[in-house]
Amino acid sequence: MESFLRPANKSDLGITFLWATDPLIRKNSFNQSTITKSDHEKWFNAKISSVSCFYYILLDNGRAVGSIRFDICNDIGTISYLIDSAYHGRGYGRDILDKGIMKIKANCKEVKILEGWVKNENTASIRIFEKLKFRKMYDDGLKSRFELQLT
């Protein structure tokens with residue numbers, strides 16, 4: 001895969017809104033509320049300007065195929081990622097997470113732990129976290145927390 005991550009910027013507002021409102025992507029989201037364009041714009045602008053958020057877009061052959069975000073609190077980076085539904089099943093999930101881990105290690109030295117919360121019905125994401133050596137630390141039957149120690 002000849003893909004790479006670049007920082008999210010204002011020009012990504014449109015594609016990130018499409019992803020945020022895509023029913024196939026939304027089904028794996030913890031927040032099922034309807035997202036308005038103005039609410040998304042406020043949220044998106046806050047994320048790309050926050051010093052505690054590292055937000056990247058995955059490009060492959062010039063096409064945006066997904067996004068990954070690390071929200072940093074103390075020494076924990078909480079991962080949120082998605083792949084455009086048109087590109088599901090092509091290995092981009094593992095690719096974006098693998099590349100994202102390398103980016104956060106290089107750009108945010110204070111992060112010692114990465115965590116990802118996944119709905120238990122999202123078996124594709126669970127497999128990706130397991131393949132990348134994340135340990136399941138919590139499971140309440142509906143969602144699980146995966147953790148990777150960086151130190």
Side-chain angles (χ1 to χ4, degrees), residues 3-22 24-59 64-85 87-88 92-151:
S3 62
F4 68 94
L5 292 177
R6 67 153 172 80
N9 61 58
K10 288 188 182 289
S11 70
D12 298 312
L13 177 63
I15 190 69
T16 60
F17 179 67
L18 287 175
W19 291 335
T21 57
D22 180 322
L24 289 173
I25 292 172
R26 294 291 297 157
K27 75 176 185 152
N28 290 315
S29 175
F30 288 107
N31 181 354
Q32 296 291 309
S33 303
T34 301
I35 300 171
T36 66
K37 186 140 190 165
S38 65
D39 284 345
H40 178 74
E41 185 172 5
K42 287 176 201 160
W43 173 88
F44 180 80
N45 287 330
K47 289 295 180 185
I48 64 171
S49 63
S50 172
V51 296
S52 62
C53 178
F54 293 78
Y55 195 174
Y56 302 98
I57 302 295
L58 182 69
L59 296 175
V65 297
S67 68
I68 188 165
R69 196 180 74 245
F70 298 89
D71 291 301
I72 312 302
C73 183
N74 299 318
D75 63 349
I76 298 175
T78 302
I79 302 166
S80 297
Y81 79 96
L82 62 84
I83 301 300
D84 186 312
S85 60
Y87 298 98
H88 284 181
Y92 287 111
R94 181 174 179 160
D95 188 44
I96 198 169
L97 196 52
D98 201 27
K99 284 177 169 62
I101 292 167
M102 288 188 285
K103 284 277 192 190
I104 206 68
K105 282 180 176 180
N107 296 319
C108 191
K109 302 289 188 205
E110 65 266 19
V111 172
K112 307 293 183 226
I113 298 168
L114 293 177
E115 69 173 4
W117 289 87
V118 184
K119 285 184 170 182
N120 287 353
E121 65 196 45
N122 187 350
T123 55
S125 276
I126 289 171
R127 280 194 309 274
I128 291 165
F129 279 114
E130 289 172 345
K131 283 179 184 173
L132 292 175
K133 308 294 186 217
F134 280 72
R135 289 185 23 223
K136 186 186 282 191
M137 305 300 287
Y138 173 84
D139 183 342
D140 69 4
L142 298 174
K143 64 185 176 304
S144 295
R145 178 181 176 269
F146 290 86
E147 182 179 290
L148 180 69
Q149 297 280 335
L150 296 183
T151 56

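Everything quoted here is computed from the prediction, not taken from an experiment.
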For residues [X] and [Y], determine if any side-chain heavy atom of one lies less than 4.5 Å from a side-chain heavy atom of the other.
X	Y	value
Gln149	Ile113	yes
Thr21	Phe17	yes
His40	Lys37	no
Tyr55	Thr16	yes

Could Asp12 and Arg6 be called an ion pair, given the rule that one side-chain N must be under 4.0 Å from one carboxylate O?
-> yes
Closest non-hydrogen atoms of Arg94 and Leu132, given as atom of the first, atom of the second and distance, are NE-CD2, 3.8 Å
Closest heavy-atom pair, Ser85 versus Asp22, reported as atoms and distance to 0.1 Å, is OG-OD2, 2.6 Å
Answer yes or no: is there a donor N or O on one side and an acceptor on the other, between the side chain of Asn45 and the main chain of Glu41, under 3.5 Å?
-> yes
Which of these, Phe134, Phe129, Trp117, sits in a ring-ring contact (aromatic ring centres under 6.0 Å, His included) with Phe146?
->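 For Phe146, the ring-ring contact (aromatic ring centres under 6.0 Å, His included) check succeeds only for Phe129.
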Measure the spacing between [atom1] of [X] and [atom2] of [Y] and express it to the nearest 0.5 Å.
X	Y	atom1	atom2	answer
Lys103	Asp98	NZ	CG	13.0 Å
Trp43	Ile48	CH2	CD1	10.0 Å
Lys143	Glu121	NZ	CD	12.5 Å

Donor-acceptor list for residues 64-83 side chains, cut-off 3.5 Å, not counting sequence neighbours:
{"unit_1": "Arg69", "atom_1": "NE", "unit_2": "Asp71", "atom_2": "OD2", "d": "2.9"}
{"unit_1": "Arg69", "atom_1": "NH2", "unit_2": "Asp71", "atom_2": "OD2", "d": "3.1"}
{"unit_1": "Arg69", "atom_1": "NH2", "unit_2": "Ser80", "atom_2": "OG", "d": "3.3"}
{"unit_1": "Asp71", "atom_1": "OD1", "unit_2": "Lys47", "atom_2": "NZ", "d": "3.0"}
{"unit_1": "Thr78", "atom_1": "OG1", "unit_2": "Glu115", "atom_2": "OE2", "d": "2.6"}
{"unit_1": "Tyr81", "atom_1": "OH", "unit_2": "Ser125", "atom_2": "OG", "d": "2.7"}

